[in-house]
Protein chains: 4
Amino acid sequence: VLRDIRSRWRDRSAADVVRPREQLSPAELEQLGSTLEACLSARGGEVSAWERAADVAETYLALGPGGRRAFLSLLAARFGAAPEPAVEAAQRVVEADGPRERDEALLAARTALEPRWIRLLTQFNNLVGGTKFLVDLRADLLPLAAGDPRLSALEQDLRHLLAASFGAGQLELRRITWDSPASLLERLAASEAVHEVTSWDDLKNRLDVDRRFFAFFHPQMPDEPLVFVEVALTRELAHSIEPLLDPAADRLDPAEAEVAIFYSISNSQPGLAGISLGGFLIKQVVDELKDELQRLRTFATLSPIPGLRRWLDRVIGDPRLPIGEEERAAVASVLRRAAAPADGAVDAAREPLLQLCAHYLLNARRPDGLALDPVANFHLTNGARVERLNWLADPSAKGWQASLGLMVNYRYQLKEIERNHEAYATDGTIAAGAAVTGLANALA
Amino acid sequence: VLRDIRSRWRDRSAADVVRPREQLSPAELEQLGSTLEACLSARGGEVSAWERAADVAETYLALGPGGRRAFLSLLAARFGAAPEPAVEAAQRVVEADGPRERDEALLAARTALEPRWIRLLTQFNNLVGGTKFLVDLRADLLPLAAGDPRLSALEQDLRHLLAASFGAGQLELRRITWDSPASLLERLAASEAVHEVTSWDDLKNRLDVDRRFFAFFHPQMPDEPLVFVEVALTRELAHSIEPLLDPAADRLDPAEAEVAIFYSISNSQPGLAGISLGGFLIKQVVDELKDELQRLRTFATLSPIPGLRRWLDRVIGDPRLPIGEEERAAVASVLRRAAAPADGAVDAAREPLLQLCAHYLLNARRPDGLALDPVANFHLTNGARVERLNWLADPSAKGWQASLGLMVNYRYQLKEIERNHEAYATDGTIAAGAAVTGLANALA
Amino acid sequence: VLRDIRSRWRDRSAADVVRPREQLSPAELEQLGSTLEACLSARGGEVSAWERAADVAETYLALGPGGRRAFLSLLAARFGAAPEPAVEAAQRVVEADGPRERDEALLAARTALEPRWIRLLTQFNNLVGGTKFLVDLRADLLPLAAGDPRLSALEQDLRHLLAASFGAGQLELRRITWDSPASLLERLAASEAVHEVTSWDDLKNRLDVDRRFFAFFHPQMPDEPLVFVEVALTRELAHSIEPLLDPAADRLDPAEAEVAIFYSISNSQPGLAGISLGGFLIKQVVDELKDELQRLRTFATLSPIPGLRRWLDRVIGDPRLPIGEEERAAVASVLRRAAAPADGAVDAAREPLLQLCAHYLLNARRPDGLALDPVANFHLTNGARVERLNWLADPSAKGWQASLGLMVNYRYQLKEIERNHEAYATDGTIAAGAAVTGLANALA
Amino acid sequence: VLRDIRSRWRDRSAADVVRPREQLSPAELEQLGSTLEACLSARGGEVSAWERAADVAETYLALGPGGRRAFLSLLAARFGAAPEPAVEAAQRVVEADGPRERDEALLAARTALEPRWIRLLTQFNNLVGGTKFLVDLRADLLPLAAGDPRLSALEQDLRHLLAASFGAGQLELRRITWDSPASLLERLAASEAVHEVTSWDDLKNRLDVDRRFFAFFHPQMPDEPLVFVEVALTRELAHSIEPLLDPAADRLDPAEAEVAIFYSISNSQPGLAGISLGGFLIKQVVDELKDELQRLRTFATLSPIPGLRRWLDRVIGDPRLPIGEEERAAVASVLRRAAAPADGAVDAAREPLLQLCAHYLLNARRPDGLALDPVANFHLTNGARVERLNWLADPSAKGWQASLGLMVNYRYQLKEIERNHEAYATDGTIAAGAAVTGLANALA
């Protein structure tokens, strides 16, 4: 019965009934401000307030980027906490006499300090389609917020509100198959950020009998994937991405699979950036796979190393890098190549590159002590260990550009996940297989 | 895959595997406190934190009233905001120099003032079954909070958190029929607070072809009704509850119904007290009924007047009451009757009682100017008007005890709902039919 | 879009819009006959034919028993095969010269011999709600068909048509719980033929955590149970029905159950009499239970012996019965009791009765060599064995009346089901436990 | 619980666990024959018989064309009715004395004449996945049956059995959208027989906001479309297929549509050939569209004329054709063109071609008096009328090859459907618009 703001807007724009408007006149902005004030006022009862919030949301959805920016600035500028009452409330806290009076002053100060946009955001959240509306609002807001303290504060509050709605227990894990809706598959393909989906055949291959594909969903936005993972079932730890992406490669009877390779994890909602969902996804998918396939013994990724080349470019000329001059030259020469070499073509660089890569993964750190490589940091936080490096594992243009074709297997050993996680979280200890440690040590 | 704390607990207690424990030893309480601290610490990652919160929630569910009280006191006493940093943050606000510094100090103060239980409550909310867990936690908390400032602050924060989850757009309206699950019907019958359900036959009658029964649900607690309304389809405005509750009464072909009588509205979740859902329920049910049944013209209630006798007992001896002495005596005599009289038995009191009742509904006010009668206040806030009073409309023991058998029809006229609501919200103006106004005026 | 004849009729009769008509005038019957002819004619296309068949079906549903009898007689009398063409076709078969000509004559004869009602029944089956319509038509027809060759032939054809729709692969096994629709539970309770359901509490007890309840459904009549079985989970082979039917009895944690007792199997559709569904039900339920509950070791029934007293009444005076005179007198005395005795009250009769009961189950046969007792025959056909007799197992009035309070456990041993079945089907060999065989042998 | 023969086989062949076997050895065929005999024997009970039938069906599914042919021949040769008992039964019919004896002999003869494969087919139908199994079995059988009396008789019986399962009331109408499963869309695209689907973009265009796409399904084969129709929503009666198939064409707000153009109807199941489903599909889709879109006034097709060129090639040289010599030459010249001309290029032929086309549609008849053109016959049987001819409406290679680019609108006028249908079914009267009649008359 209640109108669904998103699907209404989608239907109307799909039928070209509405088209995005780029600009808002000052009068229109003023009108919007008044409506937002009315949303906050007690007048009109809950049903009327709800209708007003729905009107505002529909207006927003029909705006282009310029109009949206104007709206968000209005929200941040006019609907924060009023400073004078806030300062006065702080004053009363400072002056409070005795614990009970202090407690009361603190309670009053909390209310005075709370920006008014909190209630507006809550009202949007309560619309039909409101959750997705806020996720997309945050996607609009994120690039604008950097450097603007008010927009930034608004963005933070929005993040907290969304984090409270996207907890693990509120998400739904669904297996994606070739029987899933075409619209959903199209959306998933469009947000695959690791290994681009090039065609419907490519996509169908990733849903074949020896593959698994899982995504998280939220009940309030049931046809919008949040984050997804692609898994290949194999007999051995995969050392190259090519056969996994090749529709013509042989298929394996899943009952005979011993290894599950997580070869792609992507987010579909830019508005959920910074709200961590991937760790729960991996944990639950591992549980599902163990249930379904009794012979599976090994759970591991085949992952890109997105920061490798950037780091190499920076350090290769650094004399403190503990590497022989011959090897340094060989690596530098490889760094100048525009594309992946044929196997065997750059043999002299192979070993030093593997050693430098191991060094990068195990020793290159952010200021806070965590791993510099973002993908490494993600899996290490989840309790994986660095299992194996793979030479020429992704010879695609993108793979060469980001990591010189190298890929890494992170392995999830169920009995050690908790211990690995704790050690990494506590003092930055990185778990690694003997071979990888050996490569890194050879350098040092 | 993730454990559902509620259904796990329900299964285990249904099979007598766990039984509620009344007391917690000091050591157990201390242990609970440590686990709650660990939930808040960064250590262990999101999955571990989630598991810990689930453990705490399962522990809570297995406690009896005494144990639960101890847990809630621990939460309120130990997981508020730390006072010293809060006062210091307030101090920095007061001392801030210039708007930018002030803004930053205000932002920091907000964080410092926030009780730590906020994050714990959010973690509980993120469990599978967490929403219902928090609703029930609040049901436990409400009777304890009165008079205790900390428990009261905890209760308030819990109310805000729940209000953000139970917005109209997040609720699902479902029609309840005899095809609904028996467990659900049993639960609805148990929480019928207006006209008690006396048997399965009674319940089945309320789901007959000329009845409608709707309830709100939340997606995170799909088999738990939140609030529900019972509707009878009739040809005329009902003037007595008896035929509506009589399983042997004639049925009407719903296609011929012209009037929809809302004869019962009840809440099923004590933990949602103070979170208003009934207004949206009535609005949506009216919309559904209009869609389904084209001949419906009138939407009205047949409502109890729960505060009438209490008010009469108080005012009947008051000489300022503008009523003749003969009538006063007749009414006083009726007030002394233990049960409803036969029709015609107390004719002398009938007219004065109706006048006093109209006076009560239209003129008896709370200090804030709203109607004294809680049911009147609910429907007037929703935009209804006082349409008609009905003599001997509910001769049951309960009906006699609360309102001398009188009932009232509140009418929802679609075109006037908004206007009525605004007038009542703005200056307390109560819309009423001419007959009711006439009765009230006769007195004055 | 297409009208559902059954739910339309149900809605209209629920709202008292239509009431059953007992009689059809000759003109109305003639009109019905013409419409049936039109259903068979090529004229009007498939959509028109469908509409006509739906009209006839709705007419039938609105008739009382008398009207229905007239309709069925019309169908049987006027819509069989025309005799003259049939005899001519047979003549051509007899006169056919050579195999090819004979084959063609046989094919033509098949068509000529086919009653016209076959096509009408198929048209009814193709209606929305048509399957349930035919099931109920057969329920009306069965008591009329006995002794009437034409109605009997019609009934047989209807049985074949239904048997082709109610194959195992077309049925859906559903677990029934307290979360099932109240309307469904009410229907199941009404058709419980073994141990009457006396109240909603009784029913709820049969759906408790240590019970299982399964029913077969057909996709074309999704809210109509076909046949159902009630199971109790216990630690030991049950020897009395009383604790199973007692809502106050202790519950068992299902994870600890070792025995599944099938204590009631009933049909809900009289129109499916003679179409065997129970064997598949037991097989599938055993599979489901094995999957769910790992500790289950024993699958057995606790069954009535419905033919025992009738048989005893007949044979107890027969001097050929191999029983001592003292025992015969004791048994005869028990047979005269109006109700079950207290335990210990008829000790002298106990042993002879158990021996006679074993003798009855193992040796009393129908003319075709199968077990005389219908419940015994059902379970033996399904591959069970006679495991144990239970004295005073059902002291209810019905239990005493039918089988002197005795009940029997039939046991399904998964590895022996096929062998038992084959032996029983081939030469009537009945599998039995040593104790039962011993009892029977003691007599002989 | 019961195995689903189809999905089991599909899973196993998808994982390359089984591969089709082309040949069956004589011993294997003999073994199959024995298993089929066992299926028919009473031995083993219903569960065993069911298991055996499932084994046979799985064996069949794993066969290639050669193996399947051998199986079907075995079935037809060995499992018909035994001729001797059949002839004897016919003999008894001929010799029967008196109506009652005759009735009994006729009944017995029916049984004797029934091929044994009937019961085998019924057993297959009762498997999980059995309905689809039989549909595909018939698809295999149809090309083999022509000219072989036994296979033909088997095929006929299979058709009757399927027709009884695919009645209108047993089918489910589903709207197909871009949210439908990708696997289903792929299957629909593959069986589009009128206007080939060339890409996923082409398919998505046919599911756009101003399109509707409906298919019939059967509950026993829920992911297998049976027959489907594609509809375009427009403002005017479409005169060309090109804009309808052009993904770049403008979209219409569906709320403004006045015309629904049925531009493609295709069957997806070769095994259902000859079982008419399209008429019900059109009727139900018209009902759905009227419900959804209030402004729709006109329901019409844009149809190919598949027999036009074949007919023209045959008659153009016939001197009896009532056409001027100039026009005849112009048409003959057009018939020799390999591809569609540009608009205006063959102006001289345009009018005569339209006249000949109108003549073909209205006057060219099959021996039984119905329209020669199969698509015309389909729509006329459903009650449509020939509304308008469209020149250069389908200039594709296929359109030119079959019908010289001409297309026709058949119009469904709701009030005249029944009348049109009756007139056409009774005496072949074809309803047509004045313009089409004028064109045909111009010729005569």
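Atoms considered below: every heavy atom in the structure, side chains included; atoms not considered: hydrogens, waters and symmetry mates. Just so you know, these numbers come straight off a predicted model, no measurement behind them.
- C/Gln170 contributes atom CD, which lies 6.5 Å from atom OG of D/Ser165 (distance to the nearest 0.5 angstrom).
- Of all the listed residues (D/Pro115, D/Ala96, D/Ala112), the one sharing the greatest number of non-hydrogen pairs under 4.5 Å with chain C is D/Pro115.
- Of the listed residues (C/Leu161, C/Thr131, C/Leu106), the one with the most heavy-atom contacts under 4.5 Å to chain D is C/Leu106.
- Looking only at heavy-atom pairs under 4.5 Å with chain C, the residue among D/Leu113, D/Thr381, D/Leu107, D/Val128 that has the most is D/Leu113.
- For chain C, the nearby part of D/Ala163 is the backbone; its heavy atoms alone come within less than 4.5 Å.
- In this structure, the separation between CD on C/Glu418 and OG on D/Ser48 is 3.5 Å, given to the nearest 0.5 Å.
- With a 4.5 Å cut-off on non-hydrogen atoms, C/Thr122 touches chain D through its side chain but not through its backbone.
- Contact between C/Ala168 and D/Trp50 at its shortest, heavy atoms only, is CB-NE1, 3.6 Å.
- At a threshold of 4.5 Å between non-hydrogen side-chain atoms, the residues D/Arg150 and C/Asp103 count as touching.
- If you measure heavy-atom distances from C/Ile282 to chain D, you find no contacts under 4.5 Å at all.
- For D/Val94 against C/Val94, the heavy-atom pair with the smallest separation is CG2-CG2, 3.9 Å.
- Heavy-atom pairs under 4.5 Å with chain C peak, among D/Arg110, D/Arg100, D/Glu114, at D/Arg110.
- Rounding to the nearest 0.5 Å gives a distance of 6.5 Å between CZ of D/Arg102 and CD of C/Glu84.
- Comparing C/Pro83, C/Ala109, C/Pro219, C/Gly80 by heavy-atom pairs within less than 4.5 Å of chain D, the highest count is held by C/Pro83.
- With a 4.5 Å cut-off on non-hydrogen atoms, C/Glu51 touches chain D through its side chain but not through its backbone.
- For chain C, the nearby part of D/Asp157 is the side chain; its heavy atoms alone come within less than 4.5 Å.
- Interatomic distance, D/His160 NE2 to C/Arg119 CZ, rounded to the nearest 0.5 Å: 9.0 Å.
- Heavy-atom distances place both the backbone and the side chain of C/Asn125 under 4.5 Å from chain D.
- Proximity to chain C involves both the backbone and the side chain of D/Gln91, based on heavy atoms less than 4.5 angstrom apart.
- In plain terms, the two heavy atoms of C/Val47 and D/Phe280 that are nearest each other are CA-CZ, 3.8 Å.
- For the residue pair C/Gly167 and D/Asn126, the shortest heavy atom distance occurs at CA-CG, 3.2 Å.
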